[in-house]
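Accompanying notes for the structure given below.
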Amino acid sequence: KSQEIIDFQQTLIDTIPSPIFYKDTDGIYRGCNKAYEEFLGLKKEYIVGKSVYDIFPKDQADKYYEKDLELFLIPGKQIYEWKMDHADGSIHSFIFNKATYLNADGTPAGLVGVMVDITDRKTLEEELKDSEAYYRTIFENTGTASFIIEEDFIISLVNAECEELSGYSKEKIEGKKKWLEFVSPEFIAKMENYHDLRRINPELAPRNYEFIFIDRFGNKKIVTSTIAMIPGTKKSLVSLLDITEIKEAENELISSNERFQKVMDSLDALVYVADMENYEILFVNKYTRELWGDIEGKKCWETIQTGQTGPCPFCTNKWLLDEKSDPTGVYVWEFQNTITKRWYECRDSAIRWIDGQLARMEVATDITERKELENRSIERSRRLNILNKIIIAANRSNTPQSLFEDVLDLTLELMDFDGGGIYLVDEDIKVASITYHKGLPIDFVKTVDNVPIDEYPFSKVFIHGKSMFMDRYDKLRPEYSKWNLKSGASIPLYSKDKIVGTFNIASKKIHEFTIEEKRLINSIGREIGNTYFKLVYEEELKNLIEDLKRSNEELEQFAFITSHDLQEPLRTIVSFTQLLEMRYKGKFDSDADEFMEYMVDASIRMKEMIQGLLNYSRIGREGIEFKPVNLENVLDETISSLELLIKENDALITYDKLPSVNGDSKLLVQLFQNLISNAIKFKGKENPEIRIFATKSEKEDKYVISVEDNGIGIDPQYADRIFKVFKRLHTLDEYEGAGIGLSISRRIVEIHDGKIWIESELDVGSKFYFTLDPVK
Ligand code: ADP
């Protein structure tokens, strides 16, 4: 029965597919089942009665022994995982479920072990482990900062980049930090919302957005985030890419683009950039946009160069690149828009545009005004040139006739007119006659020559002195069509303020006189008038001077001859009246004596006057010798010749240092004699004090010599009178003299090319001034 039970039990355990063994407390196998036999590849008969050391290699046996010992020390259950080699060589994983069985006294009798083969499960588990490693590797190497966020915002997993981005180590973040702690405040509300929405439905929140990440040190980083829910969980996977630098570069680009646009917009010039290959406009500035609208994307020849049907034949692209297709520099050209008629100075250059393609940049400045100014100044200088030539010609001519000829010929030639004529008007008979003409039909000239000025075709010019410019003779004077004259001008000729004639030019073509041309022609007319006046005036002046000289000479001759010839009879009269007085004084009545006295006085006086006149007219007749003369010497000589007079009158003569002058010493001695003797003669109550000094004139290169006295002076109103022949301010009773001294003085000074004048005050004194040339 007991055997029966044992067999049943054996059969029972043999049917169990898991290996089963039991051992006693000594570690000796007491039994096992079939599965254990098969696994070890050993028979039960071999196993039973053996220990683990008999069956397994030592190192494994030690482990089993140790495990068994543990169980016996604390009886009960023991479960652990273990790998064992199958008899066929394959390794199997087992869960060992071991338990002790007891003796009747409760002490352990042995153990039973059931091995559950978990090899398949283990492989699965391993595979799972492998795949986790696989995903972790990916997670670690995404190249972005990646982390996993739990529903409560806690970050549960981070990679190395995330450590780097945040500045925290894994340990400091994982399970500790909340996601929003790294987010700049302005983004928090939005991202909280996304977080919640995503957990309701991932579709509700955007996968990508940018926000500002704040790291451990408070640095702000612009990041772009990609967020996805991990399927079947409430976790989300976040990866962040730091795009701060890209953003900055982008901003830099934007602001540099903006700067470029701003600079270009501020230019007062048309600026555009066009692709050199397809002519597409890539950029325009404000100026261009205001003119042409938004033409970016259109072709330059369709828009800016209106009226072209294809690329412009004058396109500058070919000038902007060298044979290696490298930019050559700036090409400058001028261009007139055919429609707007405005002129531009264009500065073209090849540049690399944003995508690297070659583009032509043109900066065109409107130079219409400058052009006009330039043309005007060319035109003006042309006119000035003409006028200049005419003025030179006019000034070269020395008779009115040659003046008319030269100026008219030159005007017709330079101004391209066909004919013309110069009229002079005869004031007395009011007739205008042609003085000179050229290029006019002779029959025409006949009809307009010697006509009363009222009948003169352009009588208005004579009468009102206003120029007439006629673009269309044929309209104004249809009769002129006979002479084939279509246009012309008639200009009054002014000699000083008087209209003396007209200056006329005519053309066979219709000619529109511009303002500038009118000015020029008027100027020519004025020049003719002025030169004519000068020539006529000079002629008259020359004649006048000659007449004057002649009459002067005659007068001097007359004075000389008369004074000279009168001396002889006068001497006779003087001698005989004196004789008469001597012999017959007292022989008649007292009246007769008185009369005789008058006669004698008068005749003496007449003699003195004639002598004076003779002296006067002699001055300058005898050889005058101009040479350097020292005035101090002259004065010394004068003083010694007047020694007696000076002594008698107790006169004091002083003088400063005097210069040398260019003059005739004899005449200069005579000049000083006259002035000094007058100063003594017209002395006042005090003794005469005479001062002589010289200064240099500031205005002219002359010395001003002054002779100053303290005498009776003269009333300034007579300042001119006293220099005239025989003019005196006193009677003979008061002061002797013929009234010729100052006339002679003036003559002498004038011979020296100088001037003499007086400044005086009655009862104070006189200052005589005269000028002399310094030594050259
Ligand atoms: P005369 O001395 O013979 O009268 P002048 O021709 O020398 O003739 O002088 C003309 C007049 O000028 C003098 O009569 C006198 O009235 C005035 N006169 C000339 N010199 C002086 C002087 N130094 N002081 C005042 N009066 C003078």
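Everything numeric here is computed off the predicted structure, so don't read it as measured data. What you see below is based on every heavy atom in this structure, not just the backbone, and it leaves out hydrogens, waters and symmetry mates. Just follow the structure's listing: the first ligand is 1, and inside any ligand the first atom is 1.
Under a 4.0 Å criterion applied to the non-hydrogen atoms of Ile714, ligand 1 contributes the atoms 25 (C), 26 (N). For ligand 1, the atoms sitting less than 4.0 Å from at least one non-hydrogen atom of Leu729 are 14 (O), 16 (O), numbered in the order shown with element in parentheses. Atoms of ligand 1 lying under 4.0 Å from any heavy atom of Lys681, numbered from 1 in the order shown and given with element: 1 (P), 2 (O), 3 (O). Close approach of ligand 1 to Ile740 (heavy-atom distance below 4.0 Å) involves ligand atoms 6 (O), 8 (O). Those atoms of ligand 1 that come under 4.0 Å of a heavy atom in Gly737, given as number and element, are 3 (O). Those atoms of ligand 1 with a heavy atom of Gly741 less than 4.0 angstrom away are 5 (P), 6 (O), 7 (O). Ligand 1 places these atoms under 4.0 Å from at least one heavy atom of Ser766: 24 (N), 25 (C).
With atom 8 (O) of ligand 1 as the reference point, the heavy atom nearest to it among Gly739, Ala679, Gly684 is part of Gly739. Summarising the contacts of atom 24 (N) of ligand 1 with Phe768, Phe682, Tyr735, the nearest heavy atom is found in Phe682.
The aromatic rings of Phe770 and Phe672 sit perpendicular to each other, their planes meeting at more than 60°, with 30° as the lower class boundary.
Given atom 16 (O) of ligand 1, the protein heavy atom at minimum distance is His730 CD2, 3.1 Å. Taking atom 23 (N) of ligand 1 as the reference point, the nearest protein heavy-atom neighbour is Asp709 OD2, 2.9 Å. In this structure, the protein non-hydrogen atom closest to atom 10 (C) of ligand 1 is Lys727 O, 3.5 Å. Remark: minimum distance from atom 12 (O) of ligand 1 to any protein heavy atom is reached at Ile722 CG2, 3.4 Å.
Side chains of Ser397 and Asp406: a donor-acceptor N/O pair is absent below 3.5 angstrom, by distance only. When only modelled atom types and interatomic distance are considered, Asp449 and Ser433 share no side-chain donor-acceptor pair under 3.5 Å.
The pair Lys767-Asp709 fails the salt-bridge criterion, with no side-chain N (NZ, NE, NH1 or NH2) lying under 4.0 Å from an Asp/Glu carboxylate O. The existence of a salt bridge linking Asp409 and Lys438 is confirmed by a sub-4.0 Å separation between a basic side-chain nitrogen and an acidic carboxylate oxygen. Salt bridge annotation for Glu546-Arg550: absent, with no cationic side-chain nitrogen under 4.0 angstrom from a carboxylate oxygen. Between Arg571 and Glu568, at least one side-chain N (NZ, or NE/NH1/NH2) sits under 4.0 Å from a carboxylate O, which counts as a salt bridge. Between Glu643 and Lys647 a salt bridge is recorded (basic side-chain N to carboxylate O distance below 4.0 Å).
Counting heavy atoms under 4.0 Å from ligand 1, residue Ser745 does not touch it at all.
In terms of heavy-atom proximity, Phe513 sits nearest to Gly488 at CE1-O, 3.5 Å. Taking all atoms of both residues into account, the shortest heavy-atom contact from Leu493 to Gly525 is CD2-O, 3.4 Å. In terms of heavy atoms, Ala432 sits closest to Tyr423 at CB-CD2, 4.0 Å.
Taking only nitrogen or oxygen atoms, main chain and side chain alike, Asn678 reaches within less than 3.5 Å of ligand 1. Of the N or O atoms in Arg728, one or more lie within a sub-3.5 Å distance of an N or O in ligand 1. Taking only nitrogen or oxygen atoms, main chain and side chain alike, Leu742 reaches within less than 3.5 Å of ligand 1.
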